[in-house]
Amino acid sequence: MQKKDIDWSKLGFGYTPTDYRFEAHWKDGKWDEGKMITDPNIELSEAACVFHYAQCCFEGLKAYTTVKGDIVTFRPDLNAERMMGSAERLEMPAFPKEKFIQAVKDVVAANAAWVPPYGTGATLYIRPVMIGSGPHEFIFRIFVMPVGAYFKGAIKPLKLTVPEFDRAAPRGTGHIKAGLNYAMSLHPTMEAHRHGYAENIYLDPATRTYIEETGGANLIFVDKEGTIIVPKSDSILPSVTRRSLIEVAKRLGYKVVERPVKLAELKDMAEGALCGTAAVLAPIGMVNTPDGDIYFPSGMEKMGPVCTKLRETLTGIQMGRIEAPKGWIHVIE
């Protein structure tokens, strides 16, 4: 397959239209078979319920070129299940899991020329989306785009902030076991950026004591004994990457504890990181809080040793350098 003439090393994390996308329609109580199309535009009725009830949700996953030259996706079954949960919460018709997985494979195969080569540091981002396209009609679409790193530059620790007052709730709020969307966290996230921070850390809305997640990723920490501490809450996004990292960590022999984590505990942690499809595993160097700045012992110059090992192992699995647990890797034929 002849690849597109792109400088893969200079890709950002933004939209680039590719050749094909998959689209299916829900009408009269059922999904049609769906088909591959080339038009990147969607025409909607003025009565579309996406406008009036905000009925929309999406997922995010990636395709990779492995060291052997295969094109693969990573655990699309979990994205399918999470999107079904989002649809259920929003009173939208769930798109069937097996059809979701097959549509992902078909779109990636159709756009194989856009999948960045192995070793470039770039990947193909896959965006399944569902919207209310009419009064009682829905569109399910999958489009893809080649992307570089979510956080620009080398993998250096980030500055995060805990806002004094949460102006919006994080992505998975309200005991919703689903993905939903970023609308609730968009404004405070942009406020964080305007003040020089990569992300907000949200606290539980009831007591503002326990750490939840950031606007665009989950969080993990490493204490000074080397134990991996994962914040536990019913209201955070059930991240595919976080769940995978927990399994990877256990396979590597690390002790992993999932529990509520107090903001006050951060000063006693050795490492911290954001984790998600886009970020993969991005280290935290400092956190700005209303009571002062907290700097992690791992420093502001490089990722700590435990997070480095976790990231190298997870990306090694995704890129085919390390054998994957059964069912994690789906090869695109």
Side-chain angles (χ1 to χ4, degrees), residues 1-25 31-42 58-83 95-130 139-150 179 240-241 244 276-280 314-333:
M1 168 63 68
Q2 181 67 39
K3 296 293 184 179
K4 296 291 182 178
D5 186 16
I6 295 173
D7 187 344
W8 307 103
S9 65
K10 292 185 178 179
L11 281 173
F13 203 94
Y15 175 68
T16 299
T18 53
D19 296 329
Y20 300 98
R21 59 274 303 140
F22 173 86
E23 186 171 284
H25 292 252
W31 288 106
D32 65 18
E33 289 301 310
K35 61 182 179 180
M36 213 67 68
I37 62 174
T38 58
D39 188 355
N41 300 307
I42 299 175
F58 67 82
E59 274 297 323
L61 61 158
K62 289 179 177 178
Y64 312 83
T65 301
T66 70
V67 66
K68 296 180 179 179
D70 295 326
I71 296 175
V72 304
T73 59
F74 183 73
R75 309 192 78 178
D77 52 313
L78 298 187
N79 294 97
E81 292 170 1
R82 192 169 62 183
M83 193 164 192
F95 196 75
K97 178 179 174 178
E98 293 306 318
K99 288 187 176 182
F100 179 104
I101 295 170
Q102 189 59 53
V104 165
K105 292 181 176 181
D106 290 345
V107 174
V108 174
N111 291 287
W114 294 91
V115 181
Y118 173 79
T120 60
T123 54
L124 188 76
Y125 193 82
I126 305 166
R127 175 67 88 195
V129 61
M130 189 188 299
I139 290 174
F140 173 79
R141 175 180 284 217
I142 300 177
F143 64 95
V144 299
M145 52 195 178
V147 297
Y150 186 67
V240 175
T241 303
S244 301
T277 298
V280 187
L314 182 63
T315 56
I317 289 170
Q318 292 169 336
M319 298 294 179
R321 297 188 298 268
I322 298 172
E323 184 178 355
K326 184 178 180 180
W328 281 25
I329 299 299
H330 292 238
V331 179
I332 307 301
E333 302 295 343

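Heavy atoms only: backbone and side chains are in, while hydrogens, waters and symmetry mates are out. We number each residue from 1, following the sequence as shown.
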I'd like to know if the side chain of Asp70 and the backbone of Ile332 have a donor-acceptor N/O pair within less than 3.5 Å. no

Checking the side chain of Lys3 only, and the main-chain atoms of Ala112 only, is there a donor and an acceptor separated by less than 3.5 Å? yes

Nearest 0.5 Å, what's the OG1-CG distance between Thr16 and Leu11? 6.5 Å

Would you check if Met319 and Val67 make a side-chain contact, meaning some heavy-atom pair closer than 4.5 Å? no

What is the minimum heavy-atom distance between His330 and Arg75, and which atoms define it? CD2-N, 4.5 Å

Find the distance between CD (Gln318) and OG1 (Thr241) and round it off to the nearest 0.5 Å. 7.0 Å

side-chain contact (heavy atoms from CB on, under 4.5 Å) assessment of Ile329 paired with Tyr64: CA-CA 10 Å; Ile329 299 299; Tyr64 312 83; over 6 Å; no

Side-chain contact test, heavy atoms from C-beta onward, threshold under 4.5 Å: evaluate it for Trp8 versus Pro146 and give yes or no. yes

All heavy atoms of Ile317 vs all of Pro325, minimum pair found to be CD1-CD, 4.2 Å

Test Asp39 against Glu23 for side-chain contact (heavy atoms from CB on, under 4.5 Å), laying out the working first. CA-CA 10 Å; Asp39 188 355; Glu23 186 171 284; over 6 Å; no

Which distance, rounded to the nearest 0.5 Å, do you find between the CH2 of Trp328 and the CG of Leu78? 9.0 Å

Closest approach of Ala24 to Trp31 (non-hydrogen atoms, all atoms of both residues): O-CZ3, 3.6 Å

Count the heavy atoms belonging to other residues, nucleotides or ligands that lie under 6.0 Å from OH of Tyr20, then report whether that count exceeds 12. no

Mind listing the closest non-hydrogen atom pair of Tyr150 and Ala278 along with its distance? CB-O, 3.4 Å

Nearest heavy-atom pair of Phe95 and Met130: which atoms, and what distance? N-CE, 4.0 Å

Go through the steps for Leu61 and Val104 under the test side-chain contact (heavy atoms from CB on, under 4.5 Å), then give the verdict. CA-CA 10 Å; Leu61 61 158; Val104 165; 4.2 Å; yes

For Phe140 and Phe22, take the angle between the two ring planes, folded into 0 to 90°, and tell me which bin it lands in: parallel under 30, tilted 30 to 60, perpendicular over 60. perpendicular

To the nearest 0.5 Å, what is the distance between CE on Met145 and OH on Tyr125? 6.5 Å

Is the backbone of Thr277 close enough, under 3.5 Å, to the side chain of Lys62 for a donor and an acceptor to pair up by distance? yes

Any donor-acceptor N/O pair, Arg21 side chain to Thr38 backbone, under 3.5 Å: yes

Looking only at heavy atoms, what is the nearest atom pair of Ala80 and Lys97, with distance? CB-CG, 3.9 Å

Any side-chain heavy-atom pair from Pro116 and Ile6 closer than 4.5 angstrom? no

Could you walk me through whether Thr123 and Val147 pass the side-chain contact (heavy atoms from CB on, under 4.5 Å) test, one step at a time? CA-CA 6 Å; Thr123 54; Val147 297; 3.6 Å; yes

Contact check, side chains of Glu33 and Lys99, non-hydrogen atoms, under 4.5 Å: yes

Rounded to the nearest 0.5 Å, what separates atom CZ in Arg321 from atom OG1 in Thr315? 5.0 Å

About how many Å separate CZ of Phe58 and CD1 of Ile142, when rounded to the nearest 0.5 Å? 14.0 Å

Where the side chain of Asp19 meets the backbone of Asn111, is there a donor-acceptor pair that is under 3.5 Å apart? no

Is Ser244 close to Phe74 at the side-chain level, that is, under 4.5 Å between some pair of heavy atoms? yes

Between Val108 and Ile71, is any pair of side-chain heavy atoms under 4.5 Å apart? yes

Min side-chain heavy-atom separation Glu81-Val240 under 4.5 Å: no

When you measure from the side chain of Arg127 to the backbone N and O of Glu59, does any donor-acceptor pair fall under 3.5 Å? yes

